[in-house]
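Sequence lines set the chain letters: A, B, ... in the order given, protein chains first and strands last, and positions in each chain run from 1.
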Amino acid sequence: MAGTEQELLIRTAGCGELTEKDASEGREVVLTGWVHRRRDLGQLIFIEMRDATGRLQVVFDPSLHPDAHAAAESLRAEYVIGVAGTVVMREAPNPDHPTGMIELRGQSVTVHNRADNLPIQVADQQEANEEQRLKHRYIDLRRPRLQHALRTRHRLATAAREVLDEHRFVEIETPMLTRSTPEGARDYLVPSRVHPGKFYALPQSPQLFKQLLMIAGFERYYQFARCFRDEDLRADRQPEFTQIDIEMSFVTPQQIYDLIEPLIVRMFEAIDVQIARPFPRMAHAEAVDRFGIDRPDTRFGMELRDVGAAAESTGFRVFDEPLADPGGAVRGIVVDGAGGASRKQLDTWNGWAREAGARGLLWIKSAGGKIGSSALKVLGEERCRDILRALGGGDGDAALIVAADRSLCNQVLGQLRVRIARERDRIPEGAWNLLWVEQFPLFEHDDEAGRYVAIHHPFTAPNWDEVSRLETSPGDVRSQAYDLVLNGTEIGGGSIRIHRRDVQDRVFEALGIGAEEAEEKFGFLLRALDSGAPPHGGIALGFDRICAMLAGTDSIREVIAFPKTTSASCLMTESPAEVDAQQLTELGLKTLESRGKKGD
RNA sequence: GGAGCCGUGGUGUAGUUGGUUAACACACCGGACUGUCACUCCGGAGAUCGCGGGUUCAAGUCCCGUCGGCUCCGCCA
């Protein structure tokens with residue numbers, strides 16, 4: 001039996017791999033791993049040992065192996081050890097544990113390394129706060145939950161690669177050091193030493209490169225692409241994130257769906273969930289009208305409706321003003337079963353509506369035939385009853401109404417709908433609603449900038465039969481873009497791209513990007529379009545978000561090994577950090593004194 | 001850029017209307033224990049309450065500022 005430190009380094013089995021068969025054979029093994037827990041009974045010492053394959057109980061019995069038992073007395077949580085021994089059936093089995101029927105009878109043990117009293121307790125179900133977890137990420141990652149999350153991520157990546165490979169896609173890497181592009185998010189910049197005063201930008205996505213790969217004739221490309229955006233962060237946004245970036249030549253949106261749907265289905269299979277195909281589709285306009293948002297959560301009802309005739313000629317200014325405005329509306333949702341909602345409850349909802357941008361929320365409730373409303377005096381009982389009915393509600397229900405610009409109504413009610421559904425537990429467990437949203441407008445008007453901006457990006461193709469309207473009514477042109485939505489979260493988006501120079505020129509023109517600027521910023525793309533560019537299109541899937549959802553967590557930080565905080569810092573490496581003056585000089589850079597230092 | 005919540009031994013929390021020895025659990029140290037499995041039992045050490053300022057006879061507790069974490073709005077083609 002092995003006994004030296006060197007011998008106890010060479011493992012012959014994994015903790016989670018051993019079975020009752022090994023026990024019945026009395027197999028002798030060497031295990032390496034961490035002390036997960038210890039239970040010292042004085043004579044008998046039990047150690048739960050953990051490695052990447054799982055956990056196994058090791059027992060040290062002084063009457064059998066006194067030296068090993070003596071050595072085991074010094075073991076503490078998270079010590080790294082090697083143990084040699086015999087796999088045996090337990091005297092007192094524990095069916096709650098995967099390896100609970102067997103144990104290792106420790107014959108010799110060595111400590112490969114000790115561990116301090118750690119800031120995060122691996123074996124404890126009690127969670128450290130996120131600041132501690134991020135600072136000591138290498139310990140946090142030992143915890144079963146994060147081990148599981150990252151292993152799930154790997155399985156999903158593998159599933160996607162398999163499907164793409166089966167469809168003859170080629171994985172091609174594109175540059176991380178590229179040039180800054182106008183439009184879109186803020187870039188992360190990298191100064192050039194060789195070209196003082198000039199900067200690379202880290203890619204917000206490999207958009208242009210993948211189009212160029214189509215022009216280069218690869219026809220089917222994919223990449224697990226790291227993307228960088230210097231914008232404010234959220235639970236589902238990190239400054240660097242991963243997209244499954246896909247592009248195909250000679251395709252219609254239908255062909256993209258026909259590829260992506262099986263890919264998504266296969267990813268779900270990796271977590272043992274069956275998903276039905278084809279995924280439903282919805283026009284952007286319908287999504288906004290029914291759900292108030294372009295990424296509707298279709299797992300529950302409470303859809304938005306216009307109050308319609310019931311709101312007309314009431315003499316109520318709150319209604320009359322929006323209705324007199326061509327862009328205004330009076331819209332509402334019905335919370336069924338909320339007819340008896342308390343004043344406090346309604347105030348809470350009103351507060352949410354205000355947070356979402358509304359000036360106020362009007363409510364009508366009906367319980368036992370008795371009407372209550374924040375506008376009862378102005379509207380009267382009959383009118384209130386009409387409005388409730390117009391929104392699809394009846395006795396026992398409550399209607400929540402917003403009168404404002406149509407887009408603000410949608411925004412407020414769309415947010416309210418989701419928040420109330422969560423509050424009232426209206427979202428079914430275990431439902432996975434996938435949905436294609438299509439027929440987006442090509443542009444939307446940016447009132448601040450006083451011009452049109454691309455809703456998707458400037459390379460998105462308009463519907464080919466609407467190209468003629470690019471100059472006359474750009475706001476009405478629809479694009480060949482599509483988003484993939486899962487339970488109200490956008491998990492992917494793409495489009496058919498513009499492959500003809502003349503169309504691209506006209507889109508740039510509509511966006512207020514002049515020929516000169518287009519040439520300077522995108523000259524390489526324009527020339528490429530003139531070199532025999534095939535019709536092409538693709539999609540980018542938000543891999544972190546997909547992983548988070550399928551791993552059952554709300555935050556993508558849980559599926560990223562080393563994530564950053566909401567202020568884009570890494571608490572472990574303490575980046576970003578200041579650099580030597582010499583480095584700056586070499587790069588031709590100088591920092592502004594006035595910006596002040598943080599962290600003092 | 002804005003709003004909200006949070007910051008107390010190594011870790012997670014408690015700490016009523018400001019009142020004198022800052023409590024509990026886990027981890028840690030010592031002791032007891034031969035079948036535990038979140039082992040149990042006994043004992044011990046360990047925090048001046050993120051930082052700075054203010055109010056007060058008195059501040060973990062109230063006020064202001066600041067730093068950090070989280071959530072949301074704006075932003076993110």
Exercise for review: Considering only atom C1', compute the distance from B:A23 to B:A32 and round it to an integer number of Å.
Suggested key: 27 Å

Review point. Contact class for A:Asn129 (heavy atom, under 4.0 Å): base, sugar-phosphate, or nothing?
Key: sugar-phosphate

Check your understanding: Distance between the C1' atoms of B:U55 and B:G18, in whole angstroms?
Key -> 11 Å

Review point. Is A:Glu48 salt-bridged to A:Arg39, cutoff N-O under 4.0 Å?
Key: yes

**Study point:** Residue-phosphate contact under 4.0 Å: A:Thr565 side-chain N/O, B:G69 OP1/OP2
**Key:** yes

Practice item. Classify the nucleic acid contact of A:Arg37 as base, sugar-phosphate or nothing, counting any heavy atom under 4.0 Å across all strands shown. Key: sugar-phosphate

Exercise for review: Can you figure out which of B:U71, B:G69, B:C75 approaches the side chain of A:Ala235 most closely?
Suggested key: B:U71

Practice item. Give the rounded distance in Å between these two atoms: CG of A:Leu134 and C1' of B:G69. Key: 9 Å

Check your understanding: Looking across every strand, which nucleic acid part, if any, lies under 4.0 Å from A:Gln121 by heavy atom: base, sugar-phosphate, or nothing?
Key -> base

Review point. If we take the P atom in both B:A47 and B:C42, what is their distance in whole Å?
Key: 24 Å

Review point. On a whole-Å scale, what distance lies between the P atoms belonging to B:U20 and B:A38?
Key: 40 Å

Review point. Does A:Arg39 have a side-chain nitrogen or oxygen under 4.0 Å from the phosphate oxygens OP1 or OP2 of B:U36?
Key: no

Practice item. Could you work out the separation of B:A22 and B:U40 based on their C1' atoms and round it to a whole Å? Key: 29 Å

Study note, to complete from the structure: Ranking B:C73, B:U11, B:C28 by distance to the side chain of A:Ala128, first place goes to B:U11

Practice item. Using only side-chain N and O atoms of A:Arg237, determine if any of them is under 4.0 Å from OP1 or OP2 of B:U71. Key: no

Check your understanding: Which is true for A:Pro458 with a 4.0 Å heavy-atom rule: it touches a base, it touches only sugar-phosphate, or it touches nothing?
Key -> base

Check your understanding: Within the structure shown, what part of the strands sits under 4.0 Å from A:Arg133 by heavy-atom distance: base, sugar-phosphate, or nothing?
Key -> nothing

Review point. How is A:Glu444 classified with respect to the nucleic acid when contacts are heavy atoms under 4.0 Å: base, sugar-phosphate, or nothing?
Key: nothing

Review point. Nearest to the side chain of A:Arg234 - B:G12, B:G10, B:C75?
Key: B:C75

Practice item. Could you check how far CD of A:Glu130 sits from P of B:G68, rounded to whole Å? Key: 16 Å

Review point. Going by atom types only, do A:Thr174 and A:Gln223 share a side-chain donor-acceptor pair under 3.5 Å?
Key: yes

Exercise for review: Write down the distance between CG (A:Asp40) and C1' (B:A38), rounded to a whole number of angstrom.
Suggested key: 16 Å

Review point. Is there a donor and acceptor pair closer than 3.5 Å between the side chain of A:Arg557 and the base of B:C70?
Key: no

Revision key, fill the gap. For B:G7, the nucleotide meeting Watson-Crick or G-U wobble distances (both under 3.5 Å) is B:C67

Check your understanding: A:Pro93 near the nucleic acid: base, sugar-phosphate alone, or nothing, with a heavy-atom cut-off under 4.0 Å?
Key -> base

Review point. Taking atom OH of A:Tyr200 as the centre, does the number of heavy atoms from other residues, nucleotides or ligands within less than 6.0 Å exceed 12?
Key: no

Check your understanding: Could you state the CG-P distance from A:Leu64 to B:G35, rounded to the nearest angstrom?
Key -> 14 Å

Check your understanding: How far, in whole Å, is B:C62 from B:C72 if one measures between their C1' atoms?
Key -> 28 Å

Exercise for review: Check if the side chain of A:Glu355 and the base of B:G2 share a donor-acceptor pair of N or O atoms closer than 3.5 Å.
Suggested key: no

Practice item. Would you state whether a donor and an acceptor, one from the side chain of A:Asp232 and one from the base of B:G74, lie under 3.5 Å apart? Key: yes

**Study point:** Euclidean distance for P, B:C76 against B:G4 (whole angstrom)
**Key:** 24 Å

**Study point:** Residue mapping more 5' on RNA chain B - nearest nucleotide basis, A:Gly42 or A:Ala77
**Key:** A:Ala77

Check your understanding: Of the candidate nucleotides B:A27, B:G35, B:C75, which contains the atom at the shortest distance from the side chain of A:Leu44?
Key -> B:G35

Practice item. Under a 3.5 Å limit for both distances, which nucleotide forms a Watson-Crick or G-U wobble pair with B:U48, could you say? Key: none

Check your understanding: Hey, are A:Arg186 and A:Asp230 close enough for a salt bridge, meaning a charged N less than 4.0 Å from a carboxylate O?
Key -> no

**Study point:** From B:C73, B:C75, B:G10, nucleotide with atom closest to A:Gln415 side chain
**Key:** B:C73

Point to revise | Between P of B:C76 and CG of A:Asp446, the distance in whole Å | key: 9 Å

Point to revise | Below 4.0 Å: OP1/OP2 of B:A3 and any side-chain N or O of A:Arg354 | key: no

Point to revise | Pairwise C1' distance for B:U8 and B:U13, with rounding to whole Å | key: 9 Å

Review point. With a 4.0 Å cut-off on heavy atoms, is A:Asn94 in touch with a base, just the backbone sugar-phosphate, or nothing at all?
Key: base

Review point. Under 4.0 Å between a Lys/Arg side-chain N and an Asp/Glu carboxylate O for A:Arg90 and A:Glu20?
Key: no

Exercise for review: Provide, to the nearest angstrom, the distance between the CZ atom belonging to A:Arg295 and the C1' atom belonging to B:C76.
Suggested key: 12 Å

Check your understanding: Do we see a donor-acceptor contact under 3.5 Å between the side chains of A:Glu127 and A:Gln132?
Key -> no

Check your understanding: In whole angstroms, how far is the P atom of B:U13 from the CG atom of A:Asp124?
Key -> 12 Å

Review point. Given A:Arg114 and A:Glu78, is the salt bridge (Lys or Arg N to Asp or Glu O under 4.0 Å) satisfied, shown in steps?
Key: CA-CA 7 Å; A:Arg114 292 147 56 104; A:Glu78 298 308 306; over 6 Å; no

Review point. When all nucleic acid strands are considered with a 4.0 Å heavy-atom cut-off, which category describes A:Ile455: base, sugar-phosphate, or nothing?
Key: sugar-phosphate

Point to revise | G-U wobble or Watson-Crick pairing nucleotide for B:C37 (cut-off 3.5 Å, both distances) | key: none

Practice item. Measure the distance from CD1 on A:Ile293 to P on B:C73 and round it to the nearest whole Å. Key: 9 Å

Exercise for review: Using the closest heavy atom to pick a nucleotide of RNA chain B for each, name whichever of A:Arg545 or A:Asp236 lands nearer the 5' end.
Suggested key: A:Asp236

Practice item. May I ask you to check if A:Arg417 and A:Phe300 form a cation-pi contact, with NZ or CZ under 6.0 angstrom from the six-membered ring centre and within 45° of the axis? Key: yes

Review point. Would you call A:Leu361 and A:Arg354 a side-chain contact if the rule is heavy atoms closer than 4.5 Å?
Key: no

Check your understanding: Can you find a side chain N or O atom of A:Ser567 that sits less than 4.0 Å from OP1 or OP2 on B:G69?
Key -> yes

Check your understanding: Is the closest side-chain donor-acceptor distance between A:Gln107 and A:Thr86 under 3.5 Å?
Key -> yes

Check your understanding: Has A:Arg76 got a side-chain N or O lying under 4.0 Å from the OP1 or OP2 atom of B:C29?
Key -> yes

Practice item. Would you tell me if any nitrogen or oxygen in the side chain of A:Gln57 comes within less than 4.0 Å of OP1 or OP2 on B:C37? Key: no

**Study point:** Shortest side-chain distance from A:Thr566, nucleotide among B:C37, B:A27, B:U71
**Key:** B:U71

Revision key, fill the gap. Re B:U13: Watson-Crick or G-U wobble partner, both distances kept under 3.5 Å, found to be B:A23

